[in-house]
Structure formats: structure tokens, C-alpha cells
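Start at 1 and go down the list; that is how both ligands and their atoms are numbered. Computed from heavy atoms alone, side chains included, the values below leave out hydrogens, waters and symmetry copies. Positions are given from 1, in the same order as the sequence printed here.
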Amino acid sequence: MPETEFHKRNHVRKEVGQIEVICGSMFSGKTEELIRRLRRAQIAKQKVAIFKPRIDKRYSENDIVSHSEQKIPCTVVDTATEIILFSSNADVIGIDEAQFFDNNLVEVVEKLAAQGKRVLVAGLDTDYRAIPFEPMPQLLAIAEYITKTLAVCMKCGAPANRTQRITHDSSRVVVGGEEAYEARCRNCYEPPGD
Ligand code: ADP
Ligand code: MG
Ligand code: ZN
């Protein structure tokens with residue numbers, strides 16, 4: 001077949017990276033879904049690098065752990081920039097608890113995708129006041145694929161997209177589990193009175 005202009009332009013195409021965001025309330029299965037995708041990549045012998053921010057020490061120092069006790073080993077990082085340093089050999093990158101990173105994560109994720117990598121990011125889309133939790137809105141805007149996960153409302157059983165804080169703390173970041181939060185639907189969610 002003669003080499004056309006089309007072939008000349010396209011046969012040197014490099015790997016196309018992509019950004020996948022998994023978001024929802026607490027207990028909605030974000031971490032389970034992230035682990036599921038990362039395990040499949042590992043089974044397929046892809047090079048996988050997995051990260052979480054140091055702040056999340058709830059269940060393990062060296063693993064990402066779901067509320068259903070599924071886990072996968074990860075590297076703990078202090079800043080988003082460290083993810084670049086540890087990802088040079090990876091084809092697939094997983095990041096949990098993305099809402100605990102600063103906005104620099106957006107640039108980091110873009111850079112990794114531009115290098116042809118598949119970047120999976122999981123995090124809370126809203127905080128305990130039901131306000132969008134940066135940098136998740138920015139990540140959602142630049143992602144190729146978005147998955148919204150829902151929990152089961154602890155009051156009425158409806159699909160739940162909100163995180164109810166059940167303690168009286170008014171700082172935005174309070175790392176906790178079932179003792180501090182529960183999943184609620186739009187109707188049963190009660191805005192904190194602070
Ligand atoms: P996330 O990362 O979104 O906080 P996880 O993947 O860690 O969620 O955990 C999901 C698991 O949480 C469920 O499979 C279930 O075992 C448990 N769970 C606890 N409370 C709820 C709830 N209200 N609705 C759904 N699952 C819940
Ligand atoms: Mg989680
Ligand atoms: Zn409800």
C-alpha cells in the first residue's frame with residue numbers, strides 16, 4: 001500500500017494517556033472500585049504505581065484499605081509532586097483520597113496523562129457540608145472518564161451521595177470512619193449548624 005499523507009502523520013502515534021475519576025460520598029465504594037481496576041491492571045502485567053496522602057493513616061500505613069477491608073499496597077506521599085518521581089516506570093497510576101492533596105495534583109495528573117499513562121483518581125466529591133472538595137472539581141473537568149459511586153442512606157436506604165458528620169467538629173478535614181461519618185441521601189442529610 002502506498003504511504004499516504006494520512007499514514008505518515010499517524011504511524012508514529014504515541015501511547016495516549018487518560019484520566020479516570022471515581023468520586024462519591026464516604027462509604028460509596030470508591031476505594032473498592034479503585035482497587036478492582038488496579039488489580040485487573042496488575043493481573044494483565046501492567047506496571048502499576050499506587051499512592052495515598054500521608055494524612056490517611058486510618059487503617060494502614062502502607063496499604064490503601066476499603067471499609068470492606070479490601071486492600072492493596074501503596075506508597076505514602078506528602079505532596080502530589082512526589083507521585084511524578086515514583087511513577088516514571090508505571091503504565092497505570094492509582095491515587096486514593098485525592099481530596100487531601102492540594103491543587104497541584106491537577107497539574108501532576110495532567111503531566112502523567114500527557115506521558116501516555118492511565119491515571120486513576122478516587123476521592124470525595126463533596127465535604128461534610130456538601131460543598132465541592134478541591135481539587136476534585138478540577139479533576140472531574142479534565143478527566144476522560146468519570147464514575148460516581150453511591151452509598152446506601154443510613155436513615156432511609158435511598159441512594160446516598162452525601163457524607164454526614166456525626167461528631168461536632170467544624171474543621172474541613174477530620175480523618176475518620178464509621179464513628180465520625182455516615183452516608184445520607186439528599187433528604188436525610190442535615191447541614192451542620194456551625
Ligand atoms: P469509600 O472509599 O467510598 O469510602 P469503600 O470502598 O472504602 O468506600 O467502602 C465501601 C464499603 O463500605 C461497602 O462495600 C460496605 O461494606 C461499607 N459500607 C459502610 N456503610 C455503608 C453504606 N451506608 N452504604 C454502602 N456501603 C457501606
Ligand atoms: Mg475510600
Ligand atoms: Zn435518606
Participant: Does a donor on one side chain sit under 3.5 Å from an acceptor on the other, for Thr167 and Asp169?
Facilitator: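 Thr167 vs Asp169: no donor-acceptor pair found between side chains.
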Participant: Does any non-hydrogen side-chain atom of Ile35 lie less than 4.5 Å from one of Arg39?
Facilitator: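 The answer is yes; the side chains approach within 4.5 Å.
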Participant: Quick one: salt bridge (charged side-chain N to carboxylate O under 4.0 Å, His left out) partners of Lys47, sequence neighbours excluded?
Facilitator: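 For Lys47 there are no salt bridge (charged side-chain N to carboxylate O under 4.0 Å, His left out) partners, ignoring immediate neighbours.
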Participant: Using a strict 4.0 Å cut-off to heavy atoms of Ser66, name the atoms of ligand 1 that fall inside it.
Facilitator: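 This gives 5 (P), 6 (O), 7 (O) as the contact atoms.
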Participant: Any salt bridge between Lys117 and Asp91, counting N to O under 4.0 Å?
Facilitator: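 Here Lys117 does not pair with Asp91 in a salt bridge, since their nearest N and O are not under 4.0 Å apart.
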Participant: Within ligand 1, which atoms have a heavy atom of Val152 less than 4.0 Å away?
Facilitator: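 Counting from 1, the qualifying ligand atoms are 22 (C), 23 (N), 24 (N), 25 (C).
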Participant: Check for me whether Arg165 meets the cation-pi criterion with Tyr181, that is, NZ or CZ under 6.0 Å from the six-membered ring centre and within 45 degrees of the ring axis.
Facilitator: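 No, cation not above the ring by the 6.0 Å, 45° rule.
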Participant: Would you call Arg184 and Glu182 a salt bridge, taking side-chain N to carboxylate O under 4.0 Å as the test?
Facilitator: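 Yes, this pair counts.
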Participant: Determine, using heavy atoms of Gly24 and all atoms of ligand 1, whether some pair is separated by less than 4.0 Å.
Facilitator: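 In this structure, Gly24 fails to qualify as a contact of ligand 1 - no heavy atom is under 4.0 Å.
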Participant: Distances under 2.8 Å only: what protein N/O/S atoms are near the Zn ion (ligand 3), ordered by chain and residue?
Facilitator: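 N, O, S partners closer than 2.8 Å: Cys153 SG, Cys156 SG, Cys185 SG, Cys188 SG.
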Participant: If you measure from each non-hydrogen atom of Gln70 to ligand 1, which part falls under 4.0 Å: side chain, backbone, both or neither?
Facilitator: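 For Gln70, there is no contact with ligand 1 at all, from either part.
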Participant: Which atoms of ligand 1 sit under 4.0 Å from any heavy atom of Ala183?
Facilitator: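 Close to Ala183: 23 (N).
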Participant: Do any nitrogen or oxygen atoms of Met26 lie less than 3.5 angstrom from nitrogen or oxygen atoms of ligand 1?
Facilitator: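 In this structure, Met26 places no N or O atom under 3.5 Å from an N or O of ligand 1.
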Participant: So is Ser25 touching ligand 1 or not, going by heavy atoms under 4.0 Å?
Facilitator: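 Under 4.0 Å: yes for Ser25.
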Participant: Identify, with sequence neighbours excluded, every residue that meets salt bridge (charged side-chain N to carboxylate O under 4.0 Å, His left out) alongside Glu33.
Facilitator: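 So Glu33 forms a salt bridge (charged side-chain N to carboxylate O under 4.0 Å, His left out) with Arg36, Arg37.
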Participant: Would Arg172 pass as a cation-pi partner of Phe133, given that its NZ or CZ must be under 6.0 Å from the six-membered ring centre and within 45 degrees of the axis?
Facilitator: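 Ring-cation test returns yes.
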Participant: Only pairs under 3.5 Å count here: list side-chain donor-acceptor contacts from residues 72-82, not counting sequence neighbours, and write none if there are none.
Facilitator:
residue	atom	partner	partner atom	Å
Asp78	OD1	Arg54	NE	2.6
Asp78	OD2	Arg54	NE	3.4
Asp78	OD2	Arg54	NH2	3.4
Thr81	OG1	Asn104	ND2	3.0
Glu82	OE2	Asp78	N	2.9
Glu82	OE2	Thr79	N	3.1

Participant: Are any of the N/O atoms in Thr31 less than 3.5 Å from those in ligand 1?
Facilitator: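 Thr31 vs ligand 1: N/O contact under 3.5 Å present.
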Participant: Less than 3.5 Å between some nitrogen or oxygen of Phe27 and one of ligand 1, yes or no?
Facilitator: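 Yes; the residue has a nitrogen or oxygen that sits under 3.5 Å from a nitrogen or oxygen of the ligand.
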Participant: Between Ser28 and Thr149, is any side-chain donor less than 3.5 angstrom from a side-chain acceptor?
Facilitator: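 The answer is yes; a qualifying pair exists.
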Participant: Below 4.0 angstrom from a heavy atom of Met154, which ligand 1 atoms are there? Numbered from 1 as shown, please.
Facilitator: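 Answer, ordered by atom number: 23 (N).
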Participant: Pairing donors with acceptors under 3.5 angstrom, does anything connect the side chains of Thr31 and Asp96?
Facilitator: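 Looking only at side-chain atoms, Asp96 and Thr31 do form a donor-acceptor pair, the distance falling under 3.5 Å.
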Participant: Do any of the N/O/S atoms of Thr31, backbone or side chain, fall under 2.8 Å from the Mg ion (ligand 2)?
Facilitator: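 Looking at Thr31, which is the residue asked about, there is an N, O or S atom under 2.8 Å from the Mg ion (ligand 2).
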